[in-house]
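Have a look at the structure below before the remarks.
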Amino acid sequence: MNFETSLKNIENFLDGLISHSENIFQVGLKINPGNNIVVLLDADDGITIEKCTKVNKALYKYIEDTELFPGGNFSLEVSSPGVDEPLKLHRQYKKNIGRKVEVIMNDGTVTSGKLIEVSQDDILIEENEVAGGSVGRAKGHKALTKKIKILFNQIKHTKVLVTF
């Protein structure tokens with residue numbers, strides 16, 4: 001069986017497996033050299049280790065039973081995308097409303113702020129600035145809030161910023 005067929009079979013099984021859960025969705029699937037299969041999952045209410053483990057067990061059994069990789073020559077990783085992975089799906093943008101994000105545009109421009117709205121065609125970011133141009137909030141300067149609408153087709157990638 002060739003690489004593309006194996007990938008398609010895994011994808012079809014995975015789609016069927018997670019379709020039973022209304023809130024889990026696939027973010028990525030790839031087969032790296034050495035038959036290392038990497039599946040990235042997310043969920044509207046957050047992906048848990050338990051959910052990943054359940055999918056891993058079912059998918060592993062499927063791959064073994066169908067002998068997609070002769071002699072069981074494969075490894076399988078099922079996890080969440082992690083904080084360093086950019087948002088890829090509209091559904092991910094929706095679940096991150098209210099969080100701080102960094103948007104890198106196709107032209108290289110960077111915008112960061114709170115993601116406050118997601119529509120079919122664009123997102124709305126609330127960006128805070130300090131009047132007077134200083135970075136910190138100096139005495140006598142007011143924080144200004146501006147809303148920026150960004151079309152999805154203008155976005156190169158968006159990452160959620162972790163704040164402490």
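Just so you know, these numbers use all the heavy atoms, side chains as well, and skip hydrogens, waters and symmetry mates. The structure presented is a predicted model; accordingly, all values stated were derived computationally and were not measured.
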Approximate separation, where rounding is to 0.5 Å, of Ile24 CD1 and Ser19 OG: 10.5 Å

Please name the residue in the list Lys147, Lys149, Lys146 that meets the salt bridge (Lys or Arg N to Asp or Glu O under 4.0 Å) test with Glu127. Lys146

A quick test of your reading: do over 12 heavy atoms of other residues, nucleotides or ligands sit less than 6.0 Å from NZ of Lys159? yes

To the nearest 0.5 Å, atom CD of Glu117 lies from atom CD of Glu126 at 11.5 Å

Asn9 (side chain) donor-acceptor with Leu68 (main chain) under 3.5 angstrom: no

Please report the shortest heavy-atom distance between Leu76 and Asn56, naming the atom on each side. CD2-O, 3.6 Å

Would you name the heavy atoms of Pro81 and Asp84 that are closest together and state the gap between them? O-OD1, 4.0 Å

Note, Leu41 side chain near Lys51 side chain (heavy atom, < 4.5 Å): no

Checking side-chain contact (heavy atoms from CB on, under 4.5 Å) for the pair Thr53/Glu50: CA distance, chi angles, key distance, verdict? CA-CA 5 Å; Thr53 301; Glu50 291 78 16; 5.7 Å; no

Quick one: do Ile37 and Val39 satisfy side-chain contact (heavy atoms from CB on, under 4.5 Å)? Show the steps, please. CA-CA 7 Å; Ile37 304 157; Val39 177; 4.3 Å; yes

For Phe69, is there any backbone N or O sitting under 3.5 Å from a side-chain donor or acceptor partner on Asn73? no

Atom of Ser80, atom of Cys52 and distance for their closest heavy-atom approach: N-SG, 4.2 Å

Sequence neighbours excluded, the answer for side-chain contact (heavy atoms from CB on, under 4.5 Å) partners of Lys54 is none

So, the side chain of Gln92 versus the backbone of Lys88: is there a donor-acceptor pair under 3.5 Å, distance only? yes

Gap separating the CG atom of Leu17 from the CG atom of Asn12, nearest 0.5 angstrom: 12.5 Å

From CD (Gln154) to OG1 (Thr111), nearest 0.5 Å: 10.0 Å

Which other residues end up in the same hydrophobic cluster as Ile125, if Ile, Leu, Val, Met, Phe, Trp and Tyr are linked when side-chain heavy atoms come under 4.5 Å apart? Leu87, Tyr93, Ile97, Val101, Val103, Met105, Leu115, Val118, Ile123, Ile148, Ile150, Phe152, Ile155, Val160

Name all pairs fulfilling the salt bridge (charged side-chain N to carboxylate O under 4.0 Å, His left out) condition that reach into residues 96-108, sequence neighbours left out, sorted by first residue then second. none

About how many Å separate CZ of Phe13 and NZ of Lys8, when rounded to the nearest 0.5 Å? 15.5 Å

Please say yes or no: joined through hydrophobic side-chain contacts below 4.5 Å, possibly via intermediate residues, are Val55 and Ile31 part of one cluster? yes

Apart from Leu89 itself, what residues make up its hydrophobic cluster when side-chain heavy atoms of I, L, V, M, F, W and Y under 4.5 Å apart count as a link, directly or indirectly? Phe25, Val27, Val38, Leu40

May I ask you to say whether Lys61 pairs ionically with Glu64, meaning some side-chain N is under 4.0 Å from a carboxylate O? no

What distance separates Lys114 NZ from Thr145 OG1, expressed to the nearest 0.5 Å? 9.5 Å

Holding to side chain to side chain donor-acceptor pair (under 3.5 Å), I want the full list of residues that pass it with Asp122, two or more places apart in sequence or in another chain. Ser119

Quick note, salt bridge (charged side-chain N to carboxylate O under 4.0 Å, His left out) partners involving residues 26-44, not counting sequence neighbours, are Asp42-Lys95, Asp44-Arg91

Going by heavy atoms in the side chains, are Thr158 and Pro86 under 4.5 Å from each other? no

